[in-house]
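Worth knowing before you read on, the calculation uses all heavy atoms, side chains too, and leaves out hydrogens, waters and symmetry mates. Small disclaimer: the values here were computed from a predicted structure and weren't measured. Convention: sequence-line order gives letters A, B, ...; per-chain numbering from 1.
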Amino acid sequence: MTKAYDPKSIEKKWQSYWYGQKVFEVKEEPGKKKFYGLIEFPYPSGAGIHVGHIRAYTGMEVIARKRRMEGYNVLFPIGYDAFGLPTENYAMATKQHPRIVTDKNIKHFDEQLHKVGYSFNFERAVDTTDPDYYRWTQWIFLQMFKRGLAYKSKTFVNFCPKCKVVLANEESQGGVCDRCGSEVEQKVKDVWFLKIREYADRLLTGLDGLDFLDKIKVEQANWIGKSRGAQVTFPVTCGKETYPMVVYTTRPDTIFGVTFVVVAPEHPMLEKFADGIENFAEVADYQQKAKLKKEFERVHLNKEKSGVLVKGLTAKNPITGKDIPVFVADYVMMDYGTGAIMAVPAHDTRDYEFAKKFGLPIIEVIEGGDIEKEAYVAKEGGKMINSGFLNGMEVKDAIATMIEHMEKIGVGVAKTDYKMKDWAFNRQRYWGEPIPVVNCPDCGQVAVPEEELPLRLPDLEDFSPTDDATSPLSKVTDWVNCKCPKCGKPAKRETDTMPQWAGSSWYFLRYMSPKCDTAVVDPEAYKYWNQVDWYNGGMEHVTRHVIYSRFWNMFLYDIGVVGEPEPYKKRTAQGLILGTDGEKMSKSRGNVVNPDDVIAEYGADVLRTFILFIGDYEKPAPWSVEGVRGCWRFLNRVWNLLDMVKEVGGGDVNMAAVIKKTSEDYEANKYNTAIACLMTAINGFYSRGSVKKEELITIIKLLYPVAPHMTSEMYEILTGGKIEQTAWPTYDEKDLVADEVEIPVQVNGKLKAKITVGKDAEEAEALEAAKEAFGQLREMNIVKVIYVKGRIINIVAR
RNA sequence: GCCGUUGUGGCGGAACAGGCAGACGCAAGGGACUUAAAAUCCCUCGGUGGAGACACCGUAUCGGUUCGAGCCCGAUCAACGGCACCA
């Protein structure tokens, strides 16, 4: 009798073997096939890992362990994305240096991850806050700066009054701060941007060749937001002066329906004509009000259109030659298109609302709608009317014809635009990478020389943010004051730091050669590890982190640092783990599950098994205390098979099918059904009352990626060997299907009986067996028989 | 508003490529073992009717295609996610 399953001692034993002997350490071995599996490295928060991390990592962990048994050299690294606000806020609150807090948190994470038994390459761990790491983050930034891809520009920025930090658009969605929930204000700041828009088209078309989940591709494409249209110049006159006002439109076909033009409140034309605008006071007042409106109000709450007629300006439709009025209205945004639009109220809902409110004419140019009631937004079909030479054309042809015509007479050009904006690349906080640029009164912005990198964060007593939205670094005068690297005169350093997304935009490259001090990535190491073969992470990072890192990698490809434009061959995403109440886990709801507790009670193998068995890997799933117990029972049943090993019994469990199903399901992120398949097999052994040693070895190999501690111990008991040195089970195709199969008999589509026939039985034989099993068939008039070998027989009869 | 995803027992979820709906697990009920409980092992477990063999109904709703539909087509409803005065 083998002793009872004791996860505590078993897990301790195998973890000290794995980590003590550095079993998972890898080196580049040209000639050996490689697999690079990546999970999103965690932000080391004070709370430690939570079950969401466990779900995200355990999927790839299964693949990594399986790949090793399949003979791959596996890179499966871990690291820490440690710059950022929560640490800084916590450090301020507890009056410790963020460095201390970060080190403590990383140590805690590291211990927890070891306790789960992950086969990470812990010795390659990176930390984005390590100067040896951020030296290269800064280096990449400098390469962009030198090529004009990083620039400073005055803009309205989203400012969080509580965190005292400028937020990227994606951090202030819904008009509230992502981190603290405060309402965001608009502020003018001179901030750094990265020209990600220059890569918009490549980021979009690059998706075609990638093995990303469809929903991920769709989300990225939406985020990039490509639209095709035209830029058209509407000359605007004010007294004797003329301003070539350019509008962007996706519907040049509707230009005969333009009855007015609208500019954004920030549009420069208004300043230019300040003297000539008859009601400038009124216009200026409107501009002021628009500025004060928070982004959220302007976009979401203020559905009622507002605006002001700009008196004294007249625009000319370049196609019809007609004069039309100019309005300023905040439904036109300065940062999309050209900040000016041609309004076609008959065929655009917003223009329609505006025209109704201001009593402006509405000219129908596409037939098919009822413009008395609403705008008719016809994207295809419909014939052009009231449109001169376009009359009678389909919309699609009219667009092409009009663009061609505009280009010919020189009033417009075809133009592609993107919703994606340039990446606001700055933080006015302490705990981030210093931007390595010096401001010289004579030379302007000058790059810090590469040999001076890393530009270290100075030590600071008080790193609390300043009220005026400048970085706390601005208070460190002996750091700020420096010499211009170009001319040697006194100059000042940039005091902004980089945003959280910087360090994570290239970390997958650093893992390949974490200690390399001559390059971002050692070329030899890159040559071997190359692209990430499979990257798993959360849906919430699909539009920011994944796009940003694709952009950085593409840039590094352009400057010859890496050999592939795309960093990730395959990307999948796990679903959220919800609380037992079905709600998102949160401290305030009190429904947070701590993985440490599960390990303490049932062991890491049970935790790993349950997190995979909980449901469809890609969908959200609620935690279940009883479900954990079910997995505990399952592992015990597997363990107890040790006492049932006998060389008797038959083929009632089809091992070939089990190997096939489990292997394929793992590869498809279907861990729940893979485990279910193993459970079914084990139930089969129990009802047989015995298991062959060979069968048991196969089962524990298949279960090893999920529950590696227990299966390592079992393998050692059975054979004296180490399971990770064995090969992944294989099967013979011919063993998959039994010679005799049970198939259903349907009569008129309804199940009536079941018959057992040879897998290749002919129709006549099957029909005879069906008649045998369902006697009434003999009295019936058989009209038709549908027989699918090994599947079904359906008899149509009266 | 636009784009996308999903809807199956008391619960989490299975179902190849249109071929036995509900695998597997949980919960529940029953039995064995035990002085007893826990643990373990075995059995039952979509609904209605029936003692039973069995019959009928059943995958959000309505309709269609098909020998056969959870799966395909059309319409509707609901939930979730993303984008959003994007011109």
Side-chain angles (χ1 to χ4, degrees), chain A residues 4 173 213-227 229 247-251 254 262 264 298-300 302-305 329-333 335-344 347-351 353-354 377 379 417-421 539-540 542-543 575-576 578 582 609-610 613-616 618-631 633-634 636-637 640 661 664 670 672-683 686-687 689 742-754 783-788 790-797:
Chain A
Q173 287 175 359
L213 289 180
D214 255 356
K215 60 178 175 180
I216 295 177
K217 288 191 184 184
V218 168
E219 241 177 67
Q220 293 205 354
N222 280 344
W223 179 265
I224 295 166
K226 182 174 183 168
S227 72
V247 305
Y248 177 68
T249 178
T250 54
R251 298 298 301 274
T254 60
V262 188
R298 181 162 162 185
V299 174
H300 298 271
N302 204 31
K303 287 296 176 190
E304 178 82 0
K305 294 283 174 292
D330 65 5
Y331 81 90
V332 176
M333 304 292 156
D335 57 8
Y336 183 75
T338 59
I341 62 155
M342 57 177 227
V344 185
H347 304 290
D348 181 282
T349 358
R350 295 150 303 176
D351 298 345
E353 278 174 47
F354 194 84
V377 188
K379 288 192 180 121
D417 211 338
Y418 300 90
K419 289 181 194 171
M420 184 170 66
K421 299 180 176 91
M539 279 308 287
E540 71 275 17
V542 157
T543 44
L576 231 49
L578 308 170
T609 307
F610 177 65
F613 187 63
I614 194 167
D616 185 332
E618 286 164 15
K619 293 196 186 119
W623 188 261
S624 157
V625 178
E626 293 78 18
V628 178
R629 293 190 49 76
C631 289
R633 279 197 279 265
F634 165 60
N636 270 283
R637 277 164 75 81
N640 292 332
K661 169 113 183 113
E664 289 177 358
K670 297 175 91 170
N672 55 336
T673 50
I675 293 168
C677 173
L678 292 172
M679 286 173 168
T680 310
I682 275 132
N683 291 345
Y686 269 78
S687 45
E742 189 189 61
I743 64 167
V745 177
Q746 287 185 352
V747 177
N748 297 329
K750 293 207 173 191
L751 179 69
K752 291 295 174 188
K754 288 180 185 180
V783 181
K784 194 176 174 187
V785 177
I786 292 101
Y787 173 58
V788 185
R791 281 253 180 253
I792 199 170
I793 180 162
N794 185 15
I795 297 131
V796 187

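Within the nucleic acid shown, A:G225 has no heavy atom closer than 4.0 Å to any nucleic acid atom. When heavy atoms are screened at a 4.0 angstrom cut-off, A:N794 is found touching base atoms of the nucleic acid. A:K661 comes within 4.0 angstrom of no nucleic acid atom, judged by non-hydrogen atoms across all strands. Residue-level contact check: A:I614 touches the backbone only, with heavy atoms under 4.0 Å from sugar-phosphate atoms and none from bases. Using a 4.0 Å heavy-atom distance criterion, A:K750 is classed as a sugar-phosphate-only contact. Among the heavy atoms of the strands lying under 4.0 Å from A:D616 are primed sugar atoms or P, OP1, OP2 only; no base atom is included. Among the atoms of the strands shown, none is found under 4.0 Å from any heavy atom of A:N636. Backbone-only engagement by A:N683 is indicated by non-hydrogen atom pairs under 4.0 Å involving sugar-phosphate atoms exclusively. A:Y686 comes within 4.0 angstrom of the backbone, heavy atoms only, and of no base.
Here, B:rG58 and B:rC42 have their C1' atoms 30 Å apart, quoted to the whole Å. A distance of about 14 Å separates the C1' atoms of B:rG46 and B:rC11, rounded to the whole Å. Here, B:rC85 and B:rA21 have their C1' atoms 48 Å apart, quoted to the whole Å. B:rA79 and B:rU66 have their C1' atoms separated by 31 Å, given to the nearest Å. Annotation: B:rG13 and B:rU59 have their C1' atoms spaced 13 Å apart (nearest Å). Comparing the same atom, C1', in B:rG29 and in B:rG10 gives a spacing of 13 Å after rounding to whole Å. Between B:rC2 and B:rC73, the distance separating the two C1' atoms is 24 Å to the nearest Å. When the C1' atom is compared between B:rG25 and B:rG18, the two are found 29 Å apart, to the nearest whole Å.
Checked against B:rA87, B:rG19, B:rA23, the side chain of A:V332 finds its nearest nucleotide in B:rA87. With distances taken from any side-chain atom of A:W223 to the nucleotides B:rG25, B:rA14, B:rC83, the minimum falls on B:rC83. Side-chain proximity of A:K752 to B:rA14, B:rC85, B:rC56: nearest is B:rC56. Considering only the side chain of A:T673, B:rA14 comes nearest among B:rC67, B:rC85, B:rA14. Comparing B:rC16, B:rC41, B:rG25 by their nearest atom to the side chain of A:R791 picks out B:rC16. Listed nucleotides: B:rC24, B:rA87, B:rA15. Nearest to the side chain of A:S227: B:rA87. With B:rA87, B:rC85, B:rC24 as the choices, the nucleotide that has an atom nearest any side-chain atom of A:T680 turns out to be B:rC24. Between B:rC24, B:rA21, B:rC16, one nucleotide has an atom nearer to the side chain of A:L751 than all others, and that is B:rA21. With distances taken from any side-chain atom of A:F613 to the nucleotides B:rC67, B:rA87, B:rG25, the minimum falls on B:rG25. The side chain of A:D330 lies closest to B:rC85, out of B:rC85, B:rA87, B:rC20.
With both pairing distances under 3.5 Å, B:rG4 is matched to B:rC80 as a Watson-Crick or G-U wobble pair. Across all strands shown, B:rA69 forms no Watson-Crick or G-U wobble pair with both distances under 3.5 Å. Across all strands shown, the partner of B:rA32 is B:rU40, judged by Watson-Crick or G-U wobble contacts whose two distances both fall under 3.5 Å. B:rU59 is unpaired under the criterion used here, namely a Watson-Crick or G-U wobble arrangement in which both key atom distances are under 3.5 Å. Using the Watson-Crick or G-U wobble rule with both distances under 3.5 Å, B:rA51 pairs with nothing in any strand shown. In this structure, B:rG25 and B:rC11 make a Watson-Crick or G-U wobble pair, each of the two defining distances being under 3.5 angstrom.
Annotated as syn: B:rG9, whose O4'-C1'-N torsion sits within 90° of 0.
When each of A:V218 and A:E626 is assigned the nucleotide of RNA chain B bearing its nearest heavy atom, the one mapping closer to the 5' terminus is A:V218. Where A:T249 and A:G627 each meet RNA chain B at their nearest nucleotide, the meeting point lying more 5' is that of A:G627.
In this structure, A:Y336 reaches the B:rA87 phosphate: one of its side-chain N or O atoms is under 4.0 Å from OP1 or OP2. The side chain of A:R629 places no N or O atom within less than 4.0 Å of a non-bridging phosphate oxygen (OP1 or OP2) of B:rG25.
Residues A:Y686 and A:N640 approach most closely at OH-CB, 3.6 Å, considering heavy atoms. Smallest separation of non-hydrogen atoms from A:T338 and A:V247: OG1-CA, 3.3 Å. Annotation for A:Y248 and A:G229: closest pair OH-N, 3.5 Å, computed over non-hydrogen atoms. Taking every heavy atom of both residues into account, A:I795 and A:V745 meet most closely at CD1-CG1, 4.1 Å. Taking both residues in full, the closest heavy atoms of A:A329 and A:V262 are given as CB-CG1, 3.6 Å, listed atom of the first, atom of the second, then distance. Taking every heavy atom of both residues into account, A:Y336 and A:S227 meet most closely at OH-OG, 3.1 Å.
Whole-Å rounding puts the A:W623 CH2 to B:rG13 P distance at 15 Å. Whole-Å rounding puts the A:K754 NZ to B:rC54 P distance at 12 Å. Atom pair A:I675:CD1 and B:rA14:C1' shows a separation of 14 Å (rounding to whole Å applied). Distance A:D351 CG to B:rA87 C1': 7 Å, rounded to the nearest Å. A straight line from CE of A:M333 to P of B:rC83 spans 16 Å, rounded to a whole angstrom.
At a threshold of 4.5 Å between non-hydrogen side-chain atoms, the residues A:L576 and A:M539 do not count as touching.
Side-chain N/O atoms of A:K784 and base N/O atoms of B:rC67 include no donor-acceptor pair closer than 3.5 Å. Side-chain N/O atoms of A:K419 and base N/O atoms of B:rC83 include no donor-acceptor pair closer than 3.5 Å. In the interface, the side chain of A:R633 is not paired with the base of B:rC26 through any donor and acceptor atom under 3.5 Å apart.
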For this session: Apply side-chain contact (heavy atoms from CB on, under 4.5 Å) to A:V344 and A:R251, showing your working.
Result: CA-CA 9 Å; A:V344 185; A:R251 298 298 301 274; over 6 Å; no
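Taking the ring centre of A:Y331 as origin, the terminal cationic atom of A:K305 falls inside the region bounded by 6.0 Å and 45° from the ring axis.
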